[in-house]
2 protein chains.
Amino acid sequence: MTDTTPRRRARSQRPPTIIDVAEQAGVSRGTVSRVLQGGRNVSPAARDAVNAAIRKLGYVVNRAARSLVTQRAGSVAFLLSETQDRLFGDPNFTTLLTGCTTALGEHDIPLILITAGTEAERRRIAPFLSAHHVDGVLLISSHRGNPMIDHLHRANLPFVCCGKPLGEHGRLSYVASDDHEGARTMVRHLVESGRRRIATITGPQDTPGGVERLRGYREVLNEHGIDYDRRLVATGDYSRASGESCMQQLLTAVPDLDAVFVASDLMADGALSAIERTGRRVPDDIAVGGFDDSPVATAVQPQLTTIRQHWTRISEMMVRQLLAQIAGEGPATVILPTELVIRESA
Amino acid sequence: MTDTTPRRRARSQRPPTIIDVAEQAGVSRGTVSRVLQGGRNVSPAARDAVNAAIRKLGYVVNRAARSLVTQRAGSVAFLLSETQDRLFGDPNFTTLLTGCTTALGEHDIPLILITAGTEAERRRIAPFLSAHHVDGVLLISSHRGNPMIDHLHRANLPFVCCGKPLGEHGRLSYVASDDHEGARTMVRHLVESGRRRIATITGPQDTPGGVERLRGYREVLNEHGIDYDRRLVATGDYSRASGESCMQQLLTAVPDLDAVFVASDLMADGALSAIERTGRRVPDDIAVGGFDDSPVATAVQPQLTTIRQHWTRISEMMVRQLLAQIAGEGPATVILPTELVIRESA
DNA sequence: CTGAAAGCGCTTACAG
DNA sequence: CTGAAAGCGCTTACAG
């Protein structure tokens with residue numbers, strides 16, 4: 001069986017073009033195109049004829065042809081500028097990704113996934129971005145000093161960051177949860193339930209969540225006249241394992257602590273294990289407050305009291321901001337409220 | 001500040017085209033294009049001149065223009081035809097996704113992420129696929145009877161499945177781990193370490209992993225003259241929670257079981273919790289064997305003895321098969337070996 | 001409101 | 001090995 005792959009599909013089985021639609025509808029290509037663009041300046045009769053022809057022929061616009069003339073790619077990149085291991089096991093990431101895909105899908109805009117965790121990868125994708133093979137970028141990166149931001153600026157490519165990019169000053173868009181207020185809410189909850197020796201396990205101090213949640217913690221303690229005690233602060237990396245070891249360290253340094261605010265649910269899961277191993281009980285001996293309300297929050301025993309981040313809304317707002325920028329609007333910052341979810345651990 | 005967004009960038013700041021390169025190199029557009037295609041039938045001198053011009057001008061091909069003439073999209077879809085919740089917390093998924101992105105990136109092929117978990121979504125993406133807005137599809141779906149497969153066939157769009165699509169007979173490509181042999185290896189390991197009352201927590205019986213791993217389990221027991229006992233089989237859904245409840249159920253039905261082969265690490269994590277709660281010890285009282293070697297395998301206590309799936313290789317092979325099909329080759333099946341990873345739990 | 005036509009930036013037979 | 005030219009399928013001023 002010789003496989004004679006035709007270089008092109010035969011004319012007959014090629015998808016219908018705007019010309020076929022025009023013929024079928026008895027109008028010119030220009031009119032068909034105008035209907036495709038939304039139907040401004042088209043008579044109802046013509047529009048109906050065109051729409052009928054489109055349906056009948058199963059016409060779908062050829063995006064390459066459209067892009068060529070509009071000078072728009074018609075697609076958007078989801079750029080993962082983060083060492084990959086950070087993502088594994090981070091359920092927030094999947095929610096964000098599918099949320100953005102869905103939000104873009106409603107505008108018929110394909111999402112192109114690009115990973116740029118290493119310098120080599122960044123070099124490879126730079127030309128792709130510079131050549132405007134996408135109209136804009138949803139930038140996922142939590143660490144300070146991301147070189148991608150500069151590149152995107154220079155390429156004059158609209159982009160929206162997920163979370164506040166630390167150390168950036170220029171005009172740039174981002175969408176973030178209110179980390180600061182979220183932390184305040186949780187720590188207030190702990191204080192108001194009578195806890196006084198409140199520890200915290202923070203995220204990395206080169207991430208906004210790491211910095212802002214710690215700031216909220218310190219503020220609330222201060223407001224309640226509780227002295228800040230360095231031994232009650234441990235810095236994790238958002239991973240389960242780091243939560244566990246930070247908790248061990250805290251328990252050793254301050255055995256009589258009665259609560260801990262943990263900057264992510266995953267770390268809180270680890271903290272739970274460490275506490276349990278010492279024979280202490282949650283929440284009776286130690287109250288544990290998490291952050292994220294990710295799936296692990298309800299998968300652990302006891303279920304986590306935590307701060308919910310609305311990832312679906314974050315996705316939606318990122319997409320909305322990006323499309324607005326692509327349409328010519330200037331950058332903007334969107335801060336989304338968080339929500340205290342009380343379960344069993346605090 | 002009036003924002004006068006120009007509909008198009010001015011000619012001067014438009015990226016260079018093939019014409020600019022031709023001029024710069026002193027050759028015709030045709031010759032530039034030939035160099036871009038790999039340099040067949042081009043004199044070394046011309047090639048060098050063109051490459052120098054490309055570098056000097058920072059030329060990057062306009063993909064839309066190329067697509068228009070080649071009738072190829074130049075991109076590939078990663079189609080998630082799976083209810084989304086199955087993905088949350090499944091670390092394999094992230095590995096697969098970034099693996100495919102990387103493998104495609106080496107061929108300069110963008111990956112377009114498409115979700116199609118619901119009927120409504122499927123309806124929306126059908127025209128996109130039919131119109132060949134991608135050259136091929138990496139299809140992620142584990143459940144029997146996926147309607148996407150039929151659609152892709154009808155659309156005459158090359159595709160490769162991740163895992164064996166149950167209940168399909170036609171000519172179709174897939175890449176999968178050797179579930180059957182993997183399960184055999186694990187159960188053999190349990191038998192050879194002296195276990196005799198070996199239970200299993202399977203995956204859903206409409207997934208290949210659910211079916212094949214159970215089959216391997218039964219075979220090995222049979223080969224060792226151990227009677228099959230229905231009470232030793234529980235069916236989970238790959239989630240941590242289902243592993244926990246299945247394990248509870250097994251321990252109630254057969255209190256003296258001495259091992260359990262669990263069809264996923266996530267379920268094994270749940271099983272560990274259930275066992276621990278009854279005061280039994282792993283592996284002393286009960287040996288636990290997982291499947292996947294996902295990150296949770298080393299995050300739990302005791303660390304899981306499990307069957308490693310090589311997701312990076314799976315990604316690579318999926319991409320390779322897909323590109324081969326796009327180039328005209330027929331479909332093929334690729335089965336990748338698994339590997340027993342011995343840690344603490346068995 | 002509509003049609004005729006130019007043009008987006010490439011690739012590819014074709015002729016030499 | 002190379003150039004001239006047709007053509008991929010759209011959009012969009014332009015003229016009416």
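The chains referred to below are lettered A, B, ... by the order of the sequence lines, with proteins before strands, and numbering in each begins at 1.
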Listing request: all side chain to side chain donor-acceptor pair (under 3.5 Å) pairs with a residue in residues 318-328 of chain A, at least two apart in sequence or in separate chains. S173(A)-Q325(A)
Just how far, in rounded Å, is [atom2] of [N] from [atom1] of [X]?
X	N	atom1	atom2	answer
D20(A)	dC10(D)	CG	C1'	13 Å
R40(A)	dT2(C)	CZ	P	14 Å
R72(A)	dG9(C)	CZ	C1'	18 Å
H132(A)	dG9(C)	NE2	P	14 Å
L36(B)	dT11(C)	CG	P	5 Å
H133(A)	dG9(C)	NE2	C1'	11 Å
N41(A)	dG3(C)	CG	P	13 Å
D48(A)	dC1(C)	CG	C1'	15 Å

Which pair of heavy atoms, one from T102(A) and one from R124(B), lies closest together, and at what distance? O-NH2, 4.2 Å
What's the shortest heavy-atom distance between C161(A) and M318(A), and which atoms? C-CE, 3.9 Å
Would you say a side-chain N or O of [X] is under 4.0 Å from OP1 or OP2 of [N]?
X	N	answer
T17(B)	dG9(C)	no
S43(A)	dC1(C)	no
T31(A)	dG3(C)	yes
Q71(A)	dG9(C)	yes
N62(A)	dC10(D)	no

In whole angstrom, give me the gap between the C1' atoms of dG16(D) and dT12(D). 16 Å
Does a side-chain heavy-atom distance below 4.5 Å link L139(A) with L79(A)? yes
Contiguous pairing runs of three or more, Watson-Crick or G-U under 3.5 Å, that involve DNA chain C: C:1-3 with D:14-16, C:5-12 with D:5-12, C:14-16 with D:1-3
Sequence neighbours left out, what pairs pass salt bridge (charged side-chain N to carboxylate O under 4.0 Å, His left out) with at least one residue falling in residues 135-163 of chain A? D150(A)-R154(A)
Would you indicate what A46(B) reaches in the nucleic acid, counting non-hydrogen atoms under 4.0 angstrom: base, sugar-phosphate, or nothing? sugar-phosphate
Would you tabulate the nitrogen or oxygen pairs shorter than 3.5 Å linking the protein to nucleotides 14-16 of chain C?
none

Quick one: ring pair (Phe, Tyr, Trp, His ring centres under 6.0 Å) partners of F128(B), sequence neighbours excluded? H133(B)
Applying ring pair (Phe, Tyr, Trp, His ring centres under 6.0 Å), name anything that partners F159(B), two or more places apart in sequence or on another chain. H153(B)
Identify every side-chain donor-acceptor pair in residues 40-54 of chain B under 3.5 Å, counting partners at least two apart or on other chains, and give the distances.
from	atom 1	to	atom 2	distance (Å)
S43(B)	OG	A46(B)	N	3.2

Who are the salt bridge (charged side-chain N to carboxylate O under 4.0 Å, His left out) partners of R122(B), not counting sequence neighbours? E119(B)
Side chain to side chain donor-acceptor pair (under 3.5 Å) partners for N146(B), two or more places apart: S81(B), S141(B)
Ranking dT2(C), dG9(C), dG7(C) by distance to the side chain of R29(A), first place goes to dG7(C)
On DNA chain D, nearest-nucleotide positions of V27(B) versus L68(B): which is more 5'? V27(B)
